[in-house]
Every structure is written in structure tokens, then in C-alpha cells.
2 protein chains.
Amino acid sequence: MAAGPGEKHTAAQAASGRLVREFGQLLRATTRLEQRINAALREECGISHVMFEVLIRLCRDPAEQVSQRTLAEDLVLTSGGITRLVDRMEEAGTVRRRPSPSDRRVTLVEATPKGERTLLAAARVHAGILERYVTGPLTGEEYRGFTTALDRINTALRTGPA
Amino acid sequence: MAAGPGEKHTAAQAASGRLVREFGQLLRATTRLEQRINAALREECGISHVMFEVLIRLCRDPAEQVSQRTLAEDLVLTSGGITRLVDRMEEAGTVRRRPSPSDRRVTLVEATPKGERTLLAAARVHAGILERYVTGPLTGEEYRGFTTALDRINTALRTGPA
DNA sequence: AGTCAGCAATTGACGATTCAGTGATTTTCC
DNA sequence: GGAAAATCACTGAATCGTCAATTGCTGACT
């Protein structure tokens with residue numbers, strides 16, 4: 001068998017590994033956080049969390065023209081998913097579609113005034129929750145380490161496509 | 001108006017805040033990671049990532065009796081979601097339902113031998129991806145800081161239910 | 001010019017999850 | 001000991017996403 005030192009032979013061993021446990025922590029933390037934010041935003045601002053992320057992306061640079069494809073990549077959604085998400089947001093009046101003047105295949109998306117107002121209100125709610133559950137419990141240094149770690153993981157994920 | 005120093009007045013300001021951007025990083029990192037793991041596990045082991053998490057939980061302590069409710073809480077799913085997930089896993093033969101001897105409302109779930117074998121294979125795939133995208137890009141110290149930060153966030157989320 | 005490969009958005013079919021409500025059982029409390 | 005409240009699993013309906021196929025458009029190559 002020539003098992004290396006890290007080999008797991010029983011299910012119990014495999015289920016107790018450090019990496020497994022710690023990745024579980026990552027997943028749980030983010031899903032719980034997202035659930036809280038989602039619930040709060042729905043209740044207080046009438047939008048879902050993913051809609052909030054769309055508005056963030058659209059308003060980040062008001063001069064930028066954002067296509068649905070860009071939106072899909074930045075939010076980690078498929079193009080079909082974006083089509084339907086923008087449908088719902090357009091219906092809600094927070095966002096508007098506009099054909100691209102330079103390429104008739106692409107449709108651009110922009111926030112409406114109502115969308116901008118909603119974003120402003122939602123940002124406050126969002127910040128409140130994050131301060132309570134993320135920046136609050138962490139020291140400044142811990143938080144800084146946390147975000148640089150995330151940064152590295154994200155680049156590794158984007159640059160290592162295989 | 002008496003706006004504080006951190007007040008955001010325009011949508012562009014609100015969309016460019018540090019917290020907002022950094023929380024976005026967290027979300028993207030985890031969704032991309034989960035997508036990769038999910039794809040790899042489906043392809044190489046025939047299970048989804050959430051099924052993997054179920055097996056992990058069930059095999060962690062072979063002596064423990066795990067109810068569907070416990071499973072739901074630990075995986076951050078609703079009871080309805082767990083019912084259907086266990087349905088699919090039972091059908092696939094990785095898991096078995098058993099009525100609790102002490103409380104006729106609860107049904108216990110345990111991994112079958114096939115489930116344990118699957119877990120062993122899946123754990124290898126899982127570890128490979130994590131090493132590549134998480135522990136690889138980070139130094140030991142960074143990684144340690146990362147996990148303690150997650151730990152704090154999780155306790156804050158669990159203990160602060162309001 | 002003409003074709004052809006490739007990309008953007010959309011859509012139908014499907015999958016997985018939530019929500020809200022139900023029935024069966026247990027626990028609590030008078 | 002018995003009524004009321006809580007808890008567990010399950011279900012139908014709805015939500016939100018994916019996947020795969022389709023359409024319209026662009027750009028590159030001949």
C-alpha cells in the first residue's frame with residue numbers, strides 16, 4: 001500500500017481532517033452571513049442580497065458601461081441566470097436595460113434613480129450587519145489578515161482555471 | 001443632517017466602500033471554491049458537494065447518533081431541504097435512515113459502507129483542490145490567521161441570534 | 001463579397017432549495 | 001393525569017439558479 005504520512009484509511013479519519021473541518025467553517029460562515037444580510041435587506045429595503053450586489057457593481061463607476069456578460073462574470077452567475085435576475089430587477093424598477101450602441105449583441109444595464117436610492121439605504125443595513133459580525137469580533141490586524149488571505153485565494157481561483 | 005464621518009451620500013460612494021468590496025471578495029471566493037469542488041466531486045466520485053458534507057458529518061464520530069434535525073442545523077439547511085437531500089442520498093445508497101429508538105418523531109441517518117468508501121475517495125479530491133487554492137497560495141501564518149478569523153465570525157453568528 | 005467560427009442574450013426544461021402548513025409525537029406545566 | 005405548547009419529519013407550491021439549445025450579430029479569413 002505504501003501509504004504516505006497523510007493518508008486516510010478510515011472514514012472517521014477522513015471526516016476529521018483539519019482542512020475538511022476548516023473549509024466547513026468557511027462555508028458555514030458565509031452562508032449564515034449571507035442569510036442574515038438577505039433577510040435584513042428584504043425586510044428593510046425590499047431587495048435580495050444578490051440584487052444588492054448588482055447595484056453595487058453598476059454604481060461603482062457611473063461612467064462605466066456594464067454589459068450583462070460582465071455582470072455575470074463579476075457575480076459568478078451564468079448568462080441565463082443574469083438574464084432572469086435583470087428581468088426581476090427591471091420589473092422592480094431598480095435597473096434599466098439599454099442596447100449597446102457599439103455592438104448590437106450586447107445589452108447594457110444601468111441603475112435607475114430608484115435603484116440608487118435603494119442602494120444607499122441598503123448599504124447602511126449591509127454595513128451594520130458586517131460591523132456586527134465581522135469587523136466587530138475581529139481586531140484590526142486579524143481583519144486585515146483575513147482580507148489579504150481572501151485576496152490570494154481569489155487570484156489563485158481566477159488564474160488557475162484548470 | 002449632521003452626517004457622521006462615515007456617511008455615504010452618493011450611490012458611487014456607497015458602492016466603493018471597503019467593507020462592501022471586501023465582503024464581495026469573501027462571497028466570490030467561497031462560491032468559486034464550492035463550484036470547483038462540486039464539479040470535481042460529481043465527476044470523480046458521483047456525489048455533490050453538499051452530499052460530501054453530509055457524509056463528513058455522519059462519519060465524524062461513528063458512535064454518535066445523528067438526526068435529520070442535527071444535520072439540518074450543521075449544514076445550514078431547512079428541515080425540508082434535509083428531507084429531500086437524504087431522500088436522494090438514500091436512493092444513491094450512500095446513506096440509510098433508521099427510526100430513533102428513544103423518540104418516535106426523529107429519524108436517524110447513518111452512512112452505509114458504500115457511503116464510507118465514497119467519502120474516502122471524495123476526501124482525497126477535496127483535499128487536492130483545497131491545497132491548490134487555499135493552503136498553497138497562503139503562508140502557514142496567513143492560513144492560521146484566516147481560520148481563527150472564521151472561527152470568531154462563526155461564533156459571533158451563532159451567539160448573536162438577534 | 002461570402003462564409004464560417006464565435007459570442008451575447010434569451011428560453012425551455014430541470015434541479016435544489018425555501019416557505020408555509022400538516023400530522024404525529026413529546027414535553028411542559030398546571 | 002391531561003391540556004397546551006413545542007418539536008420533528010414531510011409535503012405542495014413557489015423561487016432562483018443551472019444547463020443546453022436557439023437566435024441574432026460580429027469579425028476574421030479566403
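Values below: every heavy atom of this structure, side chains too, minus hydrogens, waters and symmetry copies. Order of the sequence lines fixes the chain letters, A, B, ..., with proteins taken first and strands second; residue numbering starts at 1 for each chain.
Of the residues in residues 98-107 of chain B, those placing a heavy atom less than 4.0 Å from an atom of DNA chain D are B:R105, B:V106, B:T107, in numerical order.
Separating the NE2 atom of A:H49 from the C1' atom of D:dC16 is a distance of 15 Å, rounded to the nearest angstrom. Atoms CG (B:L27) and P (D:dG17) sit 13 Å apart, rounded to a whole Å. One can place CZ of B:R36 at 18 Å from C1' of D:dT18, the figure rounded to the nearest angstrom. A straight line from CG of B:L85 to C1' of D:dT11 spans 16 Å, rounded to a whole angstrom. D:dC8 atom C1' lies 11 Å from atom CD of B:E73, rounded to whole Å. Atom CD in A:E53 sits about 16 Å away from atom C1' in D:dG17, given to the nearest Å. The interatomic distance linking B:R97 (CZ) with D:dA9 (P) rounds to 9 Å, in whole Å. Atom CG of B:L71 and atom P of D:dA9 are 9 Å apart (whole Å).
When the side chains of ILVMFWY residues are joined at heavy-atom separations under 4.5 Å, either directly or via intervening members, B:F52 and B:V50 end up in a single hydrophobic cluster.
Ion pairing between a basic and an acidic side chain is recognised when a charged N comes within 4.0 Å of a carboxylate O; A:R57 and A:E64 show such pairing.
Among the heavy atoms of the strands, none lies under 4.0 Å from A:S48. Looking at heavy-atom distances under 4.0 Å, B:L77 makes contact with sugar-phosphate atoms alone, never a base.
Among the nucleotides D:dG17, D:dA13, C:dT10, the one closest to the side chain of B:R84 is D:dA13. Distance from the side chain of A:T83 is smallest to C:dT11 among C:dT11, C:dA8, C:dA16.
Counting distance only, with no hydrogens placed and no angle test, the side-chain atoms of B:S79 and the base atoms of D:dC10 include a donor-acceptor pair under 3.5 Å.
Taking each heavy atom of B:T10 and A:L120 in turn, the nearest pair found is O-CD1, 3.4 Å. Across all their heavy atoms, B:L108 and B:P101 have their closest contact at CD1-CD, 4.1 Å.
The main-chain N or O of A:A12 is found under 3.5 Å from a side-chain atom of A:S16 such that the two form a donor-acceptor pair. Judged by distance alone, with hydrogens and angles left aside, the side-chain atoms of B:Q13 form a donor-acceptor pair with the main-chain N or O of B:H9 at under 3.5 Å. Not one N or O on the side chain of A:E44 forms a donor-acceptor pair closer than 3.5 Å with the backbone of A:V125.
Nucleotides of DNA chain C nearest to A:I82 and A:Q35 differ in position, and the one nearer the 5' end is that of A:I82.
Listed pair B:R42 / D:dT18 fails the phosphate criterion, with no side-chain N or O lying under 4.0 Å from OP1 or OP2.
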